[in-house]
Amino acid sequence: MKLLYPTSLKLDVRSLEGFAPTLHPYDVKAPIPDDLVDAEILVTWANSAANLADAARRMTKLRWIQSLAAGPNDVLAAGFAGGVVLTTGSGLHDRTVAEHALGMLLTGARRFDEMREWQLRRRWPQHLGGPQPDRPADRFTTLRDARVTLWGYGNIAKTLAPHLAAWGATVRGVARSPGVRDGVQVYAEDGLAELLPQTDALVMILPGSDSTKDALNAERLKLLPKHAWVVNVGRGTSIDEDALADALEKGEIGGAVLDVFKTEPLPESSRLWTAPNLLVSPHAAGGRPQDAEALIAYNLRRFLAGQELKNVV
């Protein structure tokens, strides 16, 4: 039995030694070598579409794919046989994405992006410094007492929420099912009409699916206060980008910081590049799975024992 692991990140494969499968590195941007196509286990990370399509076509003995990405879209699109078990890297990116989201929120509140723009002009932005009103009701300037809504209340939201609460924010979540999770009130999506008008900062952490396409549309954007900021570290398909550009250009919301987009890299023709008070982050929130070896080893042990795996799609 062979296990193929990617060379697209540094893995401590010593933690995987001692199991029955032999371990083989492979290039995620090239076709699978002929002597490895009989592998039964494939670990993926940052694979090219051509590599995955090649694997789907030629790895006829494949039984399990362990993706290290939080979402399985790239693997699902490759066309692997229906009997192949697919598990994701859900949980490996919680800290990095939550940390990035926190930085995006602070950028919106403290306007570090605007300070940089003035610096490049060699101008002193007096309106951003000196005496300032404390927690003005018509602006998002601090996390203290800010009403932050986390739309998509999974592992990343659970990691981010305590940090926001520690800075004094009122945190509420939105998910498919309501309830109280680790002290945070989580609402179903039918509560958005009530929540969005009471939101100073909206953090989108939705997965990519047909049900979340354009979830933040023109109608819902109009529910947000004029000072509200939108942060997206989920999937770019969850926001109607033209509706967001319209809202920013009309001054209907305070601003946005986006890490994900419908098309990546963001096309030069996109209106988002020049939309006022919008900061483009180049899909930088994740990109560095943490503790991947522990997840692979956990699932490998269960796979060999015929037990249910973690993060099955």
With a sphere of 6.0 Å drawn around [atom1] of [X], does it hold more than 12 non-hydrogen atoms of other residues, nucleotides or ligands?
X	atom1	result
D145	CG	yes
R144	CZ	no
E308	CD	no
K29	NZ	yes
R176	CZ	no
Q307	CD	yes
W167	CH2	no

Query raised in the report: Taking it one step at a time, do S209 and S211 satisfy side-chain hydrogen bond (donor to acceptor under 3.5 Å, both in side chains)?
Result: CA-CA 5 Å; S209 67; S211 64; 2.9 Å; yes
Carboxylate-amine/guanidinium contact [X] [Y], below 4.0 Å:
X	Y	value
D242	K262	no
R271	D246	yes
D38	K2	yes
E40	K61	no

Closest heavy-atom contact between [X] and [Y]?
X	Y	answer
K226	G251	CE-O, 3.2 Å
S15	A297	O-CB, 4.4 Å
A55	I32	CB-CG1, 4.0 Å
A30	N51	O-ND2, 2.6 Å
L52	A78	CB-CB, 3.6 Å
A193	L223	CA-CD1, 4.0 Å

Query - Selection residues 91-111 - residue pairs positive for salt bridge (Lys or Arg N to Asp or Glu O under 4.0 Å), sequence neighbours left out - result: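 Counting only pairs at least two positions apart or across chains, the salt bridge (Lys or Arg N to Asp or Glu O under 4.0 Å) contacts touching residues 91-111 are R111-D113, R111-E114.
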In terms of hydrophobic clusters joined by side-chain contacts under 4.5 Å, are [X] and [Y] together?
X	Y	result
F140	L160	yes
V28	L4	yes
M204	V231	no
I205	L279	yes
V37	L23	no

Report task. With R147 as reference, evaluate T170, D200, T199 under the side-chain hydrogen bond (donor to acceptor under 3.5 Å, both in side chains) test and give the passing residue. Result ->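 It is D200; the other options fail the test.
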Side chain of [X], backbone of [Y]: donor and acceptor closer than 3.5 Å?
X	Y	result
N311	T88	yes
W273	P267	yes
N217	R220	yes
D240	L216	no
E264	F261	yes
Y26	V43	yes
Q185	P178	no

Query raised in the report: Given F303, which of F19, W64, Y298 fulfils the ring pair (Phe, Tyr, Trp, His ring centres under 6.0 Å) condition?
Result: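 Of F19, W64, Y298, ring pair (Phe, Tyr, Trp, His ring centres under 6.0 Å) with F303 is met by W64 alone.
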Rounded to the nearest 0.5 Å, what's the gap from [atom1] on [X] to [atom2] on [Y]? Could you check?
X	Y	atom1	atom2	result
I41	H24	CD1	NE2	10.5 Å
E252	L248	CD	CG	9.5 Å
D12	E293	CG	CD	5.5 Å
L221	I239	CG	CD1	7.5 Å
N47	S67	CG	OG	8.0 Å
R123	L120	CZ	CG	13.0 Å

Can you find a heavy atom in the side chain of [X] that is under 4.5 Å from one in the side chain of [Y]?
X	Y	result
Q290	L92	no
V203	T149	no
L300	P21	yes
T44	P6	no
Q66	K310	no
V257	V230	no
V233	V260	no
L102	L164	yes

Query raised in the report: Which word best sums up how the rings of W45 and H93 line up, parallel for under 30°, tilted for 30 to 60°, or perpendicular for over 60°?
Result: parallel
Requested in this report: Quick one: do T107 and L105 satisfy side chain to side chain contact (heavy atoms under 4.5 Å, CB included)? Show the steps, please.
Outcome: CA-CA 5 Å; T107 295; L105 285 166; over 6 Å; no
Requested in this report: Start with the C-alpha gap between S281 and L258, add the side-chain angles, then the distance that decides, and say whether side chain to side chain contact (heavy atoms under 4.5 Å, CB included) holds.
Outcome: CA-CA 6 Å; S281 170; L258 309 180; over 6 Å; no
Report task. Apply side chain to side chain contact (heavy atoms under 4.5 Å, CB included) to D259 and V280, showing your working. Result -> CA-CA 6 Å; D259 185 59; V280 171; over 6 Å; no
Query raised in the report: side chain to side chain contact (heavy atoms under 4.5 Å, CB included) between L206 and R235: does it pass, once the steps are laid out?
Result: CA-CA 6 Å; L206 290 171; R235 288 292 179 264; over 6 Å; no
